[in-house]
Amino acid sequence: MPTRNVYKRQDIPTPSLFSPNSSNLDVSSISIADESTLGNDIILSLQDGKDNSSDNGEIVEEEELPVTPKELKGWYIYNAATEVYSVVAISAFIPIILENRASEAGFQLDHVTPCNTSIKGYQCVTKYGAGFVDTASFSLYTISISVFIQCLVYIGLGSLADHGENRKKFLLFFSYLGAISTIAFLLVINPSLYWLAGLLTILSNVCFGAGYVFYLAYIPTFTRVHPLVIEAKESGKTVQEISKIEDTVSNKFSSHSIAIGYASGVVVLVIAAVISYFMKQSTYGLQVGTAIAGIWWLILLIFPTFWLQKRKNPPLPKGENFLFYSFKRVGKTLGSAKKLTQSFKFLISWFLLSDGFSTVVSVAIIFGKKNLEVDNTQLTIAAIIIPVCAFIGVYIFLFLQQKFGLSTKTMILITGGLHSLIPIYGLLGFVTPIGFKFTIEIYIFAVYFGFMLGAIQSYCRVLFGSMVPKGHENEFFGLYEITDKGSSWIGPLVTGLIGDLTHDLRYGFWFLLVMMIIPLIVIFTVNVEKGKEEAERFFEEEQLKKLKEKFQQ
């Protein structure tokens, strides 16, 4: 049964307010902070082009489908399908594939002598456009391009997904295309096709990121229509009590989805590791492992395809251009940043923090391969350790949060602060005998980094989702992904430049340290309760504005 917000006609203030002869809507008689959310329900009715009142004009109602266990399972399985790309492909195998293929087709620094990858700490370049780049930087630059394109896709489609049934359609379209392009890594059969590996990286990563936007946008929706939250609202609990229940619910299913995703990634990663071993750690063995991730992704998409409900949002406003609407709406939202100060403050901090701890993985992998002579099998083992520890860490941090009654914001500060110790450890290598100088340190890094990775991802998206205005979920999570995966072009680009200039990626840890410390300071200043109030006020003001425009027509 759908949930309903019901208002009797006599509860609506001043009948003259709605007089068809009135040319101006007297919005001053309606309080924005009014908990009746009058504008919300009336406007949603008007946007649908329907009169939801009864024949005698007594009832105005809004319907929203509660989330079902089956739909939640479909949502969980979606993450099990796509997370393998993150765990196996873009984080572990693809950077190595790109670097290997570029090196095999590359040259030494004289741009003439073929690259000799058997030398420890080899320094080689490869053709990139009209010039040459370091082979390690080729991987970083390619990923930078892919996430830059992601930014355009997020902005261009995010707001469109908030209308009609576009969210599920976009989710599935990009997911299927991403899975197919990941399988296509099998086509890179020789080093001279390193450019094809680059193109497939760009296409698959863009599709993965775009699908993830629409996946994350379900979090505030599912929280709002979760049975426990609906029951709390209907039982007349206070705003504070409801907020606490929403926080608990959203953290639980966000944590569960991440844990399921990492468990799925570990299974595929183990399969890929076995294949890599029997294929003698060859580059093509890694490509086969990447393709298996794509096949897994493709098969599991069957469940969200049929189990996610069709949640219809208001149609695209009349007269709006399908191609430019989303850009226009995002522009208006950014122009209203002063009304959503806490949400945008968090976005700015997340822009730096997420870029920092996502880039440190790529840097550590390439650093280990070139400087520590870590082979593909060892890197695969480290890549398996990360999601295993992430799975464990998600539930340990969730347990600690509930045991000590810590807020989501506090958990972000704790896990973020622990993350910042990684680049500090890397910098110790300049002055001490430790600091990523031995193979065993790669495994220690994998355990430590993985233990916090899932937890901080879960807490950050839950915190942000709680400060997103209703009806703007896809739009705001598009902005969130720009600051998450979309911002990660900065880290690879800067560390790639550092690698080009110094031919020593260790210097990149200075940059990564700054990228982690500064945002934690900003997050400390975020007022979450104020952010929730701003989001609610933003939604209600927007609905009342539409109501005024409707009655002026």
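Residues Met452 and Gln457 have side chains not in contact (no heavy-atom distance under 4.5 Å, counting atoms from C-beta outward). Counting only heavy atoms from C-beta outward, the side chains of Arg224 and Glu473 approach each other to under 4.5 Å. Counting heavy atoms from C-beta on, the side chains of Tyr425 and Tyr448 never come closer than 4.5 Å. Side chains of Leu497 and Tyr141 form a contact here, defined as non-hydrogen atoms less than 4.5 Å apart. Between Ser276 and Leu286, the closest side-chain pair of non-hydrogen atoms falls below 4.5 Å.
Smallest separation of non-hydrogen atoms from Ile292 and Ile271: CD1-CG2, 4.1 Å. Closest approach of Gln309 to Val67, counting heavy atoms only: NE2-CA, 4.4 Å. When all heavy atoms of Ser175 and Gly211 are compared, the closest pair comes out as OG-CA, 4.5 Å. Shown here for Thr283 and Arg101, the closest heavy-atom pair between the two residues is CG2-NE, 3.6 Å. Taking all atoms of both residues into account, the shortest heavy-atom contact from Tyr284 to Leu186 is OH-O, 2.8 Å. Considering every non-hydrogen atom in both Leu406 and Leu400, the closest pair reads CD1-O, 4.4 Å.
Residue Trp296 holds its CH2 atom at 5.0 Å from OG of Ser264, rounded to the nearest 0.5 Å. Between Gln401 atom CD and Asn251 atom CG the span is 5.0 Å, to the nearest 0.5 Å. How far CZ of Phe138 is from CH2 of Trp195: 11.0 Å, rounded to the nearest 0.5 Å. For the atom pair CD1 of Ile517 and CD1 of Ile424, the computed distance is 6.0 Å after rounding to the nearest 0.5 Å. The OG atom of Ser204 lies 11.5 Å from the CD1 atom of Ile183; values are rounded to the nearest 0.5 Å.
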* Asked: Run the side chain to side chain donor-acceptor pair (under 3.5 Å) check on Thr117 and Glu104 step by step: do they pass?
  -> CA-CA 8 Å; Thr117 58; Glu104 292 165 1; over 6 Å; no

* To do: Apply side-chain contact (heavy atoms from CB on, under 4.5 Å) to the pair Phe449 and His419, showing each step before the final yes or no.
  => CA-CA 7 Å; Phe449 178 80; His419 262 104; 3.7 Å; yes

* Trace of the side-chain contact (heavy atoms from CB on, under 4.5 Å) decision for Ile498 with Phe511 -> CA-CA 9 Å; Ile498 292 173; Phe511 169 75; 4.3 Å; yes

* To do: Please step through side-chain contact (heavy atoms from CB on, under 4.5 Å) for the pair Thr408 and Val528, ending with a clear verdict.
  => CA-CA 9 Å; Thr408 301; Val528 180; over 6 Å; no

* After noting the C-alpha distance and the side-chain angles of Phe174 and Tyr212, does the key distance pass the ring pair (Phe, Tyr, Trp, His ring centres under 6.0 Å) rule? -> CA-CA 9 Å; Phe174 283 103; Tyr212 212 70; over 10 Å; no

* Would Val125 and Val133 count as a side-chain contact (heavy atoms from CB on, under 4.5 Å) if you check the C-alpha gap in whole Å, the side-chain angles of each, and the deciding distance to 0.1 Å? -> CA-CA 5 Å; Val125 295; Val133 299; over 6 Å; no

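Side-chain N/O atoms of Gln378 and Thr439 include no donor and acceptor closer than 3.5 Å. Judged by distance alone, the side chains of Ser458 and Ser254 do bring a donor and an acceptor atom under 3.5 Å apart. A donor atom on one side chain and an acceptor atom on the other are not found under 3.5 Å apart for Glu99 and Ser139. For the residue pair Ser466 and Arg461, no side-chain donor N or O sits within less than 3.5 Å of a side-chain acceptor on the partner.
Scanning for salt bridge (charged side-chain N to carboxylate O under 4.0 Å, His left out) contacts around Lys532 gives Glu529, with sequence neighbours left out.
Shown here is Phe430, whose CZ atom has more than 12 heavy atoms of other residues, nucleotides or ligands within 6.0 Å. Within 6.0 Å of NZ in Lys409 there are more than 12 heavy atoms belonging to other residues, nucleotides or ligands.
For the pair Arg167 and Tyr218, the cation-pi test (distance below 6.0 Å, angle within 45°) is passed. Judged by a 6.0 Å distance limit and a 45° cone about the ring axis, Lys127 is positioned over the six-membered ring of Phe132. In this structure, Lys70 is not positioned above the aromatic face of Phe303 in the sense of NZ or CZ being under 6.0 Å from the six-membered ring centre and within 45° of the axis.
Applying the ring pair (Phe, Tyr, Trp, His ring centres under 6.0 Å) definition to pairs two or more places apart or across chains, those involving residues 76-98 are Tyr78-Tyr215, Tyr85-Phe208, Tyr85-Trp297.
Side-chain rings of Phe391 and Tyr395 approach one another, their centers coming within less than 6.0 Å. Between Phe451 and Phe397, the distance separating the two ring centers is shorter than 6.0 angstrom. Ring to ring, Trp75 and Phe222 are close: their centroids are under 6.0 angstrom apart.
Looking at Tyr480, Phe173, Phe170, Phe477 one by one, the single match for ring-ring contact (aromatic ring centres under 6.0 Å, His included) with Phe214 turns out to be Phe170.
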